[in-house]
Each structure stands twice: as C-alpha cells, then as structure tokens.
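As the structure lists them, so they are numbered: ligands from 1, and atoms in each ligand from 1.
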Amino acid sequence: MDLSIVIPLFNEEESLPELEAWIRKVAQGEGYTYEIIMVDDGSKDGSWAMIERLASQNPNVRGMKFRRNYGKSAALNVGFHAARGRVVITMDADLQDSPDEIPGLYHMITVDGFDMVSGWKKKRLDPVLSKNLPSKFYNWTARRMTGIKLHDFNCGLKAYKNSVVKSIEVYGEMHRYIPVLAKWAGFKKIGEKVVQHQERKYGVTKFGMERFIRGPLDLMSVIFISKFSKRPMHFFGAWGIAFFLLGFIILAYLSIAKLAYQEYGIADRPLFYFGILTLIMGTQLFVTGFLAELVSRNAHDRNAYLVEKEV
Ligand code: UDP
Ligand code: MG
C-alpha cells in the first residue's frame, strides 16, 4: 500500500464528507493505493455515524473510536500503529489542511528521501492574537532548544516514512513535538514544505488557553527526555555531586575555623546555612538520579527500535 492518511478528529461531523471526497479525488488522480484512517477521539456529535457511513461507501476508509476524549496525541498514536502504507500522512479533520498537498509531500518522502516532512502554514488563517503570535514565539523557542530548523512544529499536516511512525510513541500532548521525537529516534532527514492553510469552515477550535501552560511544560519534558531519559544519573548525579561538594567544603571550612581557630558564632553565619542547604540539595539530587535510573531501567521502550536494518 502506498499511502495511509491518519486523521484525528473530535466533533467534526460536518467536515468529514467533504474531506473524504477531496482525499479520494486526489488519491485516485495520482493512482495511489491508500487507506484513510479516521480516529474518532470520543466525539459527542454524529462524527462516528458519519465515519461508519463513509466506510460503507468507500472501502479505503477505516475508522476507530475512543470511548472518551483522550486527546489528539493518543488519536495519532493509534492511527500510527494501524497505518499500513509506505508513506503516512497526518492531517486535521477540519478542512484547514488541504488534501491537494498530499502528492507534494508524498514525493518528498519517496523520491527526495526525507524521513519526515512537516507542513509550514506560512500564511496562517487563524486568529492573530490567540494563535499566530504565541505560535511564532513557541516555534522560535522550540527551534533554539532542539536544534531542528522548522518554522511550524505543530502543523497538523505532516508526512512520514512508515518506519518513523512505528518508532515513536506519541502521548500526553506530545503531538506538538513529533519532529523532536523523530529526531531523537534517530531519523535525521527532517524537511519542511510550505502548505496552504484555510480558515476553519465548520465547528470550533478544540485547543483553548490551556495550551499556553501545557505547551511550554511539554517542551521542557521533551528536551529533558530526549537528552537524559536514558541516563538520568548523568544529569542529577553531576549536579548532585557538585552541590554536595560545595556544601561539604563550606562546612569543612567552618569546622576548621571553629576547632582550630576557636572562632565563635559559626551557627550565626549565613554561610553555615548555605553549606547545609547545598549539602542537602546535593544529596536529594543524587537520590533523585538513582530513582530516575530505576524508573528508566523498567521503561518498556528502553531498548525499543534499536535495529534499523537486517539481512
Ligand atoms: N482533535 C482531536 N482531539 C482533541 C482535540 C482536537 O482529535 O482532543 C483534532 C481536531 O478534531 C482536529 C485536529 O485535532 O482534527 C486539530 O484541532 P483544531 O483544529 O481544533 O486545532 P487548531 O487548528 O485550532 O489548532
Ligand atoms: Mg484547526
């Protein structure tokens, strides 16, 4: 199979028939063998009935329904596990992403050899204050922190080699950072393609103000995970030892001052408290490092996907 199109959706019943028809037109025009995987993330409207109807009309349509709303990341993850196509393309269900971009993305993966291509909504048709400006800042930060030169990390329209989606685990709100997850999994050729963006035609946005808090927190998690999750002791242990030594030296100095030079009022000096503080912080960081090592030893994916090729 050439192509799997994974579509996470939450209350998008009005958009689905148009979206399916449009994708079908493009796929038939290009002669792809394809599947459309619609993952219903616990919709409360008629989305699932619509998916059942579309699946009965078009055998290339598959559907999955969550029992409740788990979030876009979970929906993508399930779609990724199910995808059988050589190329996997994700797009939003709300018709903001254009299926006309599919052939271009497909070409970049199959011919130009990219592992992953992210769409870039260069001309973005969303509210400026609540979406476009924060998104610029967020992308700038993500670029600086991860070293991946993308303008639009969180674009819903992306294309992957099948092996990429099978090697990453998208959970929580990590759909914003799939390029980081892919890079971390060892896929280096990550590209970008300017894509058309439409205004939302039906329904409303599913992401409100909470993303201002969750987005940056998730970015920190991703960076920490990608750098240290396999070796937490190198982070916590190093800082732990540094703090412990600092505290030890301070307290040793104060002890010598008291014992050898009979200095009075050691316990009144700020340095005394600072020494105790750093000693305790050092010990805590060190212990945290040990616990983190134990946790990562038990992580189910600790050795997953190491082998790329076999003969
Ligand atoms: N979505 C989802 N689960 C959620 C929230 C959103 O599957 O909990 C889907 C939504 O239906 C859409 C895509 O994720 O297909 C992007 O959401 P939306 O268009 O609301 O985001 P925006 O374009 O406003 O950033
Ligand atoms: Mg949208």
Protein residue, atom and distance nearest to [atom], heavy-atom basis:
| atom | answer |
| --- | --- |
| atom 23 (O) of ligand 1 | Q96 OE1, 3.0 Å |
| atom 12 (C) of ligand 1 | E12 OE2, 3.5 Å |
| atom 19 (O) of ligand 1 | D94 OD2, 2.5 Å |
| atom 5 (C) of ligand 1 | K206 CB, 3.4 Å |
| atom 25 (O) of ligand 1 | K131 NZ, 2.8 Å |
| atom 14 (O) of ligand 1 | K72 CD, 3.4 Å |
| atom 18 (P) of ligand 1 | R200 NH2, 3.5 Å |

For this session: Would you sort out whether D92 and K72 count as a salt bridge (charged side-chain N to carboxylate O under 4.0 Å, His left out), showing the intermediate values?
Result: CA-CA 10 Å; D92 290 352; K72 187 176 178 183; 3.1 Å; yes

For this session: Please confirm whether R68 makes a cation-pi placement over F66, using NZ or CZ under 6.0 Å from the six-membered ring centre and within 45° of the ring normal.
Result: no

Problem set entry | Mode of N69 contact toward ligand 1 - side chain, backbone, both, neither (heavy atoms, under 4.0 Å) |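 Near ligand 1, N69 shows its side chain, while the N, CA, C and O stay back.
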
Are a donor atom and an acceptor atom from the side chains of [X] and [Y] found within less than 3.5 Å of each other?
| X | Y | answer |
| --- | --- | --- |
| D2 | T33 | yes |
| D100 | Q196 | no |
| E30 | Y106 | no |

Exercise. Would you call M91 a ligand 1 contact, heavy-atom distance under 4.0 Å?
Worked result: no

For this session: Measure the distances from the heavy atoms of G71 to every atom of ligand 1 and state whether one is below 4.0 angstrom.
Result: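 Within the 4.0 Å threshold, so yes.
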
Exercise. Between D41, L16, D97, L19, which one has a non-hydrogen atom sitting closest to atom 3 (N) of ligand 1?
Worked result: D41

Problem set entry | Nearest neighbour of atom 17 (O) of ligand 1 from the list F66, Y70, F10, F207, on a heavy-atom basis |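 Result: the heavy atom closest to atom 17 (O) of ligand 1 is in F207.
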
Over 60° means perpendicular and under 30° means parallel, so tell me whether [X] and [Y] are parallel, tilted or perpendicular.
| X | Y | value |
| --- | --- | --- |
| H151 | W120 | parallel |
| W239 | F243 | tilted |
| Y160 | F80 | perpendicular |

Exercise. Is P8 close to ligand 1, meaning an N/O of one under 3.5 Å from an N/O of the other?
Worked result: yes

Exercise. Taking N or O atoms only and a 3.5 Å limit, does L9 qualify as a polar contact for ligand 1?
Worked result: yes

Problem set entry | Residue that, paired with I89, satisfies side chain to side chain contact (heavy atoms under 4.5 Å, CB included) out of L157, I109, V6 |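 Looking at L157, I109, V6, the match for I89 under the side chain to side chain contact (heavy atoms under 4.5 Å, CB included) is L157.
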
Counting only pairs under 3.5 Å, give me each side-chain donor-acceptor contact of residues 46-59, with atom names and distances, residues two or more places apart or in other chains.
from, atom 1, to, atom 2, distance (Å)
S47, OG, E12, N, 3.1
S47, OG, E13, N, 3.3
S47, OG, D45, OD1, 2.7
S47, OG, D45, OD2, 3.4
W48, NE1, E52, OE2, 3.2
S56, OG, R53, O, 2.7
N58, OD1, N60, N, 2.8
N58, OD1, N60, ND2, 3.2
N58, ND2, E20, OE2, 2.7
N58, ND2, Y34, OH, 3.3

Exercise. Salt bridge between K149 and E192, side-chain N to carboxylate O under 4.0 Å?
Worked result: no

Exercise. Does the side chain of F153 come within less than 4.5 Å of I148's, by heavy atoms?
Worked result: yes

Exercise. Are any non-hydrogen side-chain atoms of N69 and F10 less than 4.5 angstrom apart?
Worked result: yes

For this session: Please report the number of protein N, O or S atoms that lie less than 2.8 Å from the Mg ion (ligand 2).
Result: 2

